*Asks:* 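There's a structure below that I have some questions on.
On a predicted model such as this, the values are computed, not experimentally measured, just so you know.
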Amino acid sequence: MPDRINTPLTNEHFASFCLSMLGQPYWYGIALHKCSESLRASKARQYPSHYGSSRTSRYRQDISNKKVCADCMGGAKGYAWTNGGQDVLEAIGNDKTFEKKSGSNGCPDKASNSMFSWAKSKGMDWGTIDTLPDIVGLAVRFDGHVGYTVGGGYAVEWRGFNYGCVKTKIKGRGWTHWYKLPFIDYNDAASSVPEKEIALGSRLLKKGAEGSDVKALQEALMKLGYELPDYGADGEFGVETKEALMDFQKDEGLEVDGKYGEKSHAALMDALSDEEAGNEDGDDEADTPIEPKPLGVTVAITGGSVYVRVGNGTNYRVITTAKVGMTFDHVATARNGWNAIVINGQVGWVSGKYSKVV
């Protein structure tokens, strides 16, 4: 709806708010606050390493300019705690102040890493950065830091003391994951991703999802005996797939919610590991020395549906599957021919019989 950009706590409004905050300073441990000497002194006692004497003059310049400060997660928390931040924007550069209620609008007081964990626990959509959908107001993150998508391949982030609130390109910034914030209304925006091969476990899957990872999930469920008689592995997460997944979750003692998240993925991979050693032959010697990573190369999957494992042999646990045509960053190659790749934000191993360095 066109009026969503003017409606507080929608993703469009949140993205617009972030853009309006460009140029405001980064103060560690703050969830949107008018810069003041009393605030600086209080935070200096609480976080002395972030408020050392070498930074005092800059902090006092922010105070003199009557700016509004926040840290990376504090930008989003403060937005929620001020009912959408309108009074915040009106207080920039003048003597106005604004009210803020910690914990309001369903936004807890959590740091960046714990906010990501909490969002996943609430069933919010999430995925690795290569599955980032074209939706504004999403959180993008790496360990210890977070930014917010604003469209066009850009994010706004309260980047640090030397940067403040800035707009940066998402590509090449090092983001590892994206997720929806539980206190933002996304109007059920579908988390569709570009048409490409997606590794199973890269994102939350639920009814309505489509893609190669959905097909991989369906194939795995059928392999374990959970039938999909009407549609089979069609790559579309419908009622039949949801019911089969719920049967699997019940059998594994998981929460039966019909959503394929981290716990369901771990249980499914363990079940596949127990079912068979994998597509690869079992005569490869594991724990062999690795060769250094060649520069500027990737690993291409060349055969069927291949298990990716935690180590370089079929005796290791399965962490996900990869399909022919997928490519991944190359980390190393063991002397038994297994290739280490980066997948779902971690290192996994695929047999050299079904992959090659290109």
*Asks:* Check whether Leu217 and Val256 end up in the same hydrophobic cluster, where Ile, Leu, Val, Met, Phe, Trp and Tyr are linked by side-chain heavy atoms less than 4.5 Å apart.
*Replies:* no
*Asks:* Between the side chain of Asn105 and the main-chain N/O of Ala80, is any donor-acceptor distance below 3.5 Å?
*Replies:*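 It does hold such a pair.
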*Asks:* Taking atom CZ of Arg141 and atom CE of Met73, what is their separation to the nearest 0.5 Å?
*Replies:*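 Answer rounded to 0.5 Å: 11.0 Å.
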*Asks:* Given His265 and Leu200, is the side chain to side chain contact (heavy atoms under 4.5 Å, CB included) satisfied, shown in steps?
*Replies:* CA-CA 8 Å; His265 179 67; Leu200 183 60; 4.1 Å; yes
*Asks:* Supply the atom-to-atom distance Met326 CE to Thr298 OG1, rounded to the nearest 0.5 angstrom.
*Replies:*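 One finds 14.0 Å between CE of Met326 and OG1 of Thr298.
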*Asks:* Any side-chain to backbone donor/acceptor pair from Glu236 onto Thr241? Under 3.5 Å, distance only.
*Replies:*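 Between the backbone of Thr241 and the side chain of Glu236 there is no qualifying donor-acceptor contact (under 3.5 Å).
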*Asks:* Taking NZ, NE, NH1 and NH2 as the nitrogens, is one of them in Arg173 or Glu157 under 4.0 Å from a carboxylate oxygen of the other?
*Replies:* yes
*Asks:* Is the Lys NZ or Arg CZ of Lys120 less than 6.0 Å from the centre of Trp126's six-membered ring, within 45° of the axis?
*Replies:*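 The answer is yes, since Lys120 meets both limits relative to Trp126.
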*Asks:* Check whether NZ of the Lys or CZ of the Arg Lys207 lies under 6.0 Å from the centre of the six-membered ring of Phe237 and within 45 degrees of that ring's axis.
*Replies:* no
*Asks:* Output, in order, the C-alpha distance, side-chain angles, deciding distance and verdict of side chain to side chain contact (heavy atoms under 4.5 Å, CB included) for Gln249 and Leu245.
*Replies:* CA-CA 6 Å; Gln249 290 173 327; Leu245 176 59; 4.0 Å; yes
*Asks:* Charged N to carboxylate O below 4.0 Å: is that the case for Asp109 and Lys77?
*Replies:*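 Salt bridge present between Asp109 and Lys77.
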*Asks:* Answer with yes or no whether the hydrophobic clustering places Met124 together with Trp175; edges join I, L, V, M, F, W, Y residues whose side-chain heavy atoms lie under 4.5 Å apart.
*Replies:* no
*Asks:* Is the Phe161-His50 ring centre distance short of 6.0 angstrom?
*Replies:*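 Phe161 vs His50: aromatic centres not under 6.0 Å.
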*Asks:* If I compare all heavy atoms of Ile198 with all of Ser212, which pair ends up nearest, and what's the gap?
*Replies:*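 So the minimum-distance heavy-atom pair works out to N-OG, 2.6 Å.
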*Asks:* If you draw a 6.0 Å radius around OH in Tyr231, do more than 12 non-hydrogen atoms from other residues or ligands fall strictly inside?
*Replies:* no
*Asks:* Is there side-chain contact between Asp62 and Cys69, with heavy atoms separated by less than 4.5 Å?
*Replies:*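 Of all side-chain heavy-atom pairs linking Cys69 with Asp62, none is under 4.5 Å.
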*Asks:* Minimum heavy-atom separation for Tyr307 and Val318, please, with both atom names.
*Replies:*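 Reported closest heavy-atom pair: CD2-CG1, 3.6 Å.
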*Asks:* Locate the shortest heavy-atom distance separating Lys323 from Ile301; write the atom from each residue and the value.
*Replies:*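 Nearest pair, atom of Lys323 first, then Ile301: O-CB, 3.3 Å.
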*Asks:* Go through Leu19 and Val156 one step at a time and tell me if the side chain to side chain contact (heavy atoms under 4.5 Å, CB included) criterion holds.
*Replies:* CA-CA 7 Å; Leu19 288 167; Val156 166; 3.8 Å; yes
*Asks:* Do Asn11 and Asp185 pair up side chain to side chain, a donor and an acceptor below 3.5 Å, judged on atom types alone?
*Replies:*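 Looking only at side-chain atoms, Asp185 and Asn11 do not form any donor-acceptor pair under 3.5 Å.
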*Asks:* Can you find a pair of side-chain heavy atoms, one from Cys107 and one from Met115, that are under 4.5 Å apart?
*Replies:*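 Yes; the side chains approach each other to less than 4.5 Å.
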*Asks:* If you draw the axis of the six-membered ring of Tyr51, does the NZ or CZ of Lys43 fall within 45° of it and under 6.0 Å from the ring centre?
*Replies:*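 Pair Lys43/Tyr51 does not count as cation-pi.
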*Asks:* Spell out, as yes or no, whether a donor-acceptor pair under 3.5 Å connects the side chain of Ser20 to the backbone of Ser16.
*Replies:* yes
*Asks:* Please answer: with hydrophobic residues joined when any side-chain heavy atoms are less than 4.5 Å apart, are Tyr260 and Met222 in the same cluster?
*Replies:* no
*Asks:* Does any non-hydrogen side-chain atom of Val306 lie less than 4.5 Å from one of Ser355?
*Replies:*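 A side-chain contact is absent here, since even the closest heavy-atom pair is not under 4.5 Å.
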*Asks:* I'd like to check the ring pair (Phe, Tyr, Trp, His ring centres under 6.0 Å) partners of Phe116; sequence neighbours left out, ordered by chain and number.
*Replies:*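 So Phe116 forms a ring pair (Phe, Tyr, Trp, His ring centres under 6.0 Å) with His177, Tyr179.
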*Asks:* Consider only side-chain N and O atoms of Ser305 and Glu219, and report whether a donor and an acceptor are under 3.5 Å apart.
*Replies:* no
*Asks:* Answer with yes or no whether the side chains of Trp178 and Asp125 bring together a donor and an acceptor at under 3.5 Å.
*Replies:*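 No, Trp178 and Asp125 have no side-chain donor paired with an acceptor closer than 3.5 Å.
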*Asks:* Are any non-hydrogen side-chain atoms of Glu90 and Asp87 less than 4.5 angstrom apart?
*Replies:* yes
*Asks:* Nearest 0.5 Å, what's the CG-NZ distance between Asn83 and Lys100?
*Replies:*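 Nearest 0.5 Å value for the CG-NZ distance: 13.0 Å.
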*Asks:* Under 3.5 Å, is there a donor on one side chain and an acceptor on the other for His33 and Ser36?
*Replies:*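 No, Ser36 and His33 have no side-chain donor paired with an acceptor closer than 3.5 Å.
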*Asks:* Do Thr10 and Ile5 have side-chain heavy atoms sitting under 4.5 Å apart?
*Replies:* no
*Asks:* Of all the heavy-atom pairs spanning Pro8 and Asn6, show the shortest one and how long it is.
*Replies:*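 Reported closest heavy-atom pair: CD-O, 3.5 Å.
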*Asks:* Nearest 0.5 angstrom please: Tyr186 OH to Phe14 CZ, how far?
*Replies:*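 Reported to 0.5 Å precision, the distance equals 7.0 Å.
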*Asks:* Above 12 or not: heavy atoms from other molecules or residues under 6.0 Å from CD of Glu227?
*Replies:*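 No.
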*Asks:* Is it possible for you to say whether Ile63 and Tyr26 belong to one hydrophobic cluster, with membership spreading through side-chain heavy-atom contacts below 4.5 Å?
*Replies:* yes
*Asks:* Supply the atom-to-atom distance Asn344 CG to Asp130 CG, rounded to the nearest 0.5 angstrom.
*Replies:*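 The distance works out to 7.5 Å.
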*Asks:* Are Tyr316 and Trp349 near enough that their ring centres are under 6.0 Å apart?
*Replies:*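 That pair fails the under 6.0 Å test.
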*Asks:* In the structure I gave you, are the side-chain heavy atoms of Lys353 and Thr302 within less than 4.5 Å of one another anywhere?
*Replies:* no
*Asks:* Verify the neighbour count for atom OH of Tyr154: are there more than 12 heavy atoms of other residues, nucleotides or ligands below 6.0 Å?
*Replies:*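 For Tyr154, atom OH is not crowded (no more than 12 foreign heavy atoms under 6.0 Å).
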*Asks:* Please work out whether the ring planes of His13 and Tyr79 are parallel, tilted or perpendicular, with thresholds of 30° and 60°.
*Replies:* tilted
*Asks:* State, without any angle test, whether Thr82 and Glu99 hold a side-chain donor-acceptor pair at a distance under 3.5 Å.
*Replies:*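 Thr82 vs Glu99: no donor-acceptor pair found between side chains.
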*Asks:* Step by step, would you call Leu205 with Arg203 a side chain to side chain contact (heavy atoms under 4.5 Å, CB included)?
*Replies:* CA-CA 6 Å; Leu205 298 178; Arg203 57 175 178 151; 3.6 Å; yes
*Asks:* What is the distance from atom OG of Ser202 to atom CD1 of Ile129, rounded to the nearest 0.5 Å?
*Replies:*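 Rounded to the nearest 0.5 Å, the OG-CD1 separation comes out at 12.0 Å.
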